[in-house]
Amino acid sequence: MDLLHRTHTCGNLRGPDAGKTVVLTGWVETKRDLGGFVFVDLRDRHGVTQVTFDPTGGNVLFTTAQDLRPESVIGVEGVVASRGRNTNKELPTGEIEVRATRVEVFSRADTPPFTVTDETTANEDLRLKYRYLDLRRRPIAKNIVLRHRIAKAARDYFDRQGFLEIETPFLTRSTPEGARDYLVPSRVNPGRFYALPQSPQLFKQLLMVAGMDRYFQIVRCFRDEDLRADRQPEFTQIDVEMSFADVDSIAGLIEGLLQQLFREVSGVEIPAPFRRLTWDEAVRDYGTDKPDLRFDLRLVDLTVPVRTRDGGGVGLFRKAVEAGGIVKALAVRAPNTLTRTDIDKLEDQVKQLGSKGLARAKIEAPGQWTLAPWAKDMDPHLKAEIEHLCAVNPGDVILLQFGRARDVNLHLASLRQTLARKFGMVKPGEHAFAWITDFPLLEYSEEEQRYVACHHPFTSPRPVDVEKLENAPGAVKAQAYDIVLNGFELGGGSIRIHDRDLQSRVFTALGIGEAEAQSKFGFLLEAFRYGAPPHGGIALGLDRLAMLMAGADSLRDVVAFPKTARAVDLMTEAPAGVDERQLEELRIRLKA
RNA sequence: GGGGUGGUAGUUAAGUUGGUUAUAACGCCGGCCUGUCACGUCGGAGGCCGCGGGUUCGAACCCCGUCCACCCCGCCA
């Protein structure tokens, strides 16, 4: 038999296969040399099978076996034999072993820098440098398989729903607004640059104008921004756009997709329709637009009572509300308790986020607070009101933040997450999906001294808010939505503007003049003159979805060749310098 | 750009008043071993203590700078 062509994988032989002559190929995971007998665990991505060598097979065969090294690649011919009493219950193939009759070493491996085993202690930078070894480890390989199955199930789903997968250009033009672009110089057009797409946004809208109706694409996107555990500079979106759509039709489509993915890939039934929260509600109750809804633990807004009583005798409160800030709290109620040390740790946590401190009060009795020197002159009526709003009883603790809304929400949302984990409020295996709707259309940017789009400049305002575009742009809500799973933003989208007049009013609100609009998005505006259907869409982060479905903590665990926090590929050492000649061809000179 | 954590044999870690020859486990090399599956057992080799300065009679340890990895803030339409 030919040792190059396996008859089975290392994962699929079972007891009833006993007696068959087989060929297996794979990597030597471990070798146990007992002197007169050699056991080899042979691995491929499908599993592990024990191969045995004994001296009766001949001297050459046996000494070859004794010389095998971990991670060498071999082909083995042998006879499947039942292991009887020696069955290994840890292995799916544990009922059998392959008694080798021939072996060929295709490739002798050097000692690897770390052992390729399910459990590894190797640091992540080492694993990234030798990513091809890390990918041999089942826990990582399994994630890559999972990712394939998600992509496959998504393609099948959209195909059944009548969607077309259409490719869009990677070499495209830089657009203002949004993330920093990765630029690609054009050799044939010196001084000009392509930009890699942050998303195929404009192209998918043009496909709607083109009458393609229902588009999707599993597509790479690029953003030159700083990385996080859940952010890579290149990432994959399941990108969708649909004509004649409203918020409900997109939500229904995506709920169907996620139900299908979880059913097919994870065997989990998720209930739909998903919960919906407006952006205002999410920020009010959870301090974030991507709340983890596996637990409740809401923030309590104390701004109104504090403002009504002009701070209630607490100087810090008065100053906060006078400056337009807010006061919010988290209540820790029985049976949960916090020690002083616990609270100090929580204070460290919010200080790391930029908070000045963590005001706390332990309720000893109604109106009688300890740990709270700041509250010693507080109006007893305000105290009573706060106790009521926080629904606290003696023994409970209130944690407070006050100041700029953005900061207060950030700090308390972070505490909420920590407290839920500490008190075991997260039910394992739960999937808390939710739609966050009615995002603000625009947000004032201090840095740029103008309004910028919260989603993107083509997002449609809610019809009821259109009249506010000129006078109260900050109050306009958008037909934009995010889908959130367990505190992660899985994706987001919007109904788009398909009317030229409305589009130019939004551009005006954004401070984008007619000339700039024409030069940057002229092709889109022009397209809208020739019959644009109402349309909308969404993009889901495939990497994040895979991460959550895999139960991983980092995108790096579900991306075959990920980059580090400094956007470096430790294996190829990209980005790297280039030859002077290449730069010359591109007419690029580096600044000294 | 800012904050935090870490960096000591191939790997993972230990290493306190700054003091002889820097430990251990796994891995590696050599010997023995026919039912192992984290094989066992005996022996051995292996170190720019991230890098560069400084303090000191003397630095893995103290100080300054710097690089790398991870986490977070800013940033991410």
Side-chain angles (χ1 to χ4, degrees), chain A residues 29-42 48-56 62 66 69-71 81 83-91 93-94 97 99 110-130 175-181 198-199 201-202 221-233 235 348-355 406-407 410-411 414 417 439-443 445-448 451-459 478 480 489 492-494 506 510 512 539 541 553-554 556 563-566 568 570:
Chain A
E29 181 149 307
T30 56
K31 178 188 72 178
R32 293 176 292 278
D33 182 355
L34 273 62
F37 214 87
V38 174
F39 298 93
V40 167
D41 288 342
L42 192 64
V48 171
T49 299
Q50 175 164 284
V51 180
T52 66
F53 297 82
D54 66 68
T56 61
F62 192 69
Q66 288 194 303
R69 302 170 56 81
E71 302 311 317
R83 288 174 65 172
R85 265 202 327 280
N86 291 317
T87 291
N88 182 344
K89 295 190 178 63
E90 307 291 308
L91 282 180
T93 60
E97 62 193 10
R99 300 204 170 138
D110 285 352
T111 302
F114 59 91
T115 55
V116 181
T117 48
D118 287 6
E119 303 285 324
T120 183
T121 49
N123 277 329
E124 199 172 6
D125 47 346
L126 193 73
R127 292 167 41 208
L128 287 174
K129 181 171 177 191
Y130 300 94
T175 52
E177 310 283 309
R180 207 171 286 115
D181 288 318
Q198 298 173 23
S199 85
Q201 184 58 37
L202 296 177
C221 302
F222 307 85
R223 292 177 192 177
D224 186 6
E225 296 293 347
D226 287 349
L227 286 76
R228 288 284 188 284
D230 64 348
R231 266 162 40 190
Q232 284 271 310
F235 59 99
D348 284 343
Q349 182 180 328
V350 292
K351 277 184 170 170
Q352 292 247 331
L353 297 174
S355 178
R406 190 197 161 90
D407 299 329
L410 175 73
H411 303 154
S414 160
Q417 215 63 35
F439 275 69
L441 183 73
L442 308 164
E443 184 183 31
S445 163
E446 293 294 340
E447 193 186 330
E448 301 194 39
Y451 280 95
V452 295
C454 285
H455 186 49
H456 57 58
F458 318 106
T459 301
E489 179 194 330
S494 64
V506 170
L510 286 168
I512 300 176
D553 294 321
S554 166
R556 292 186 297 276
K563 292 186 173 52
T564 68
R566 264 178 63 261
V568 168
L570 292 178

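These numbers were taken from a predicted model, which means no experiment stands behind them. Naming convention: chains lettered A, B, ... in sequence-line order (proteins, then strands); numbering from 1 in each chain.
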**Message:** Walk along nucleotides 40-45 of chain B from 5' to 3' and tag each nucleotide B, S or - by protein heavy-atom contact under 4.0 Å, base first, then sugar-phosphate.
**Reply:** ------
**Message:** Could you check whether the side chain of A:Arg83 and the base of B:U36 have a donor-acceptor pair of N or O atoms closer than 3.5 Å, going by distance alone?
**Reply:** yes
Close N or O pairs between protein and nucleotides 8-12 of chain B (under 3.5 Å):
| from | atom 1 | to | atom 2 | distance (Å) |
| --- | --- | --- | --- | --- |
| B:G10 | O2' | A:Pro113 | O | 3.4 |
| B:U12 | OP1 | A:Asn123 | N | 2.9 |
| B:U12 | OP1 | A:Asn123 | ND2 | 3.0 |

**Fill in**
Across all chains, not counting sequence neighbours, the salt bridge (Lys or Arg N to Asp or Glu O under 4.0 Å) partners of A:Asp41 are A:Arg32
**Request:** Can you check whether any acceptor in the base of B:C70 is under 3.5 Å from a donor in the side chain of A:Arg556, or vice versa?
**Result:** no
**Prompt:** Looking only at N and O atoms, is any donor in the side chain of A:Arg228 or the base of B:G74 less than 3.5 Å from an acceptor on the other one?
**Reply:** yes
**Request:** Check if the side chain of A:Gln352 and the base of B:G2 share a donor-acceptor pair of N or O atoms closer than 3.5 Å.
**Result:** no
**Message:** So that I can tick it off, tell me whether A:Glu97 and A:Arg99 are bridged by a salt bridge, with the cut-off set at under 4.0 angstrom between side-chain N and carboxylate O.
**Reply:** yes
**Inter-nucleotide C1' distance (B:G18, B:U36), Å rounded** = 50 Å
**Asked** Under 3.5 Å, is there an N or O donor on one side and an acceptor on the other linking the side chain of A:Arg223 and the base of B:C76?
**Response** no
**Message:** Ignoring hydrogens and geometry beyond distance, is the side chain of A:Asp41 in donor-acceptor contact with the base of B:C37 at under 3.5 Å?
**Reply:** no
**Asked** Now, which nucleotide makes the Watson-Crick or G-U wobble pair with B:G46, with each of the two distances under 3.5 Å?
**Response** none
**Prompt:** Counting any heavy atom closer than 4.0 Å, what does A:Leu353 reach on the DNA or RNA strands: base, sugar-phosphate only, or nothing?
**Reply:** sugar-phosphate
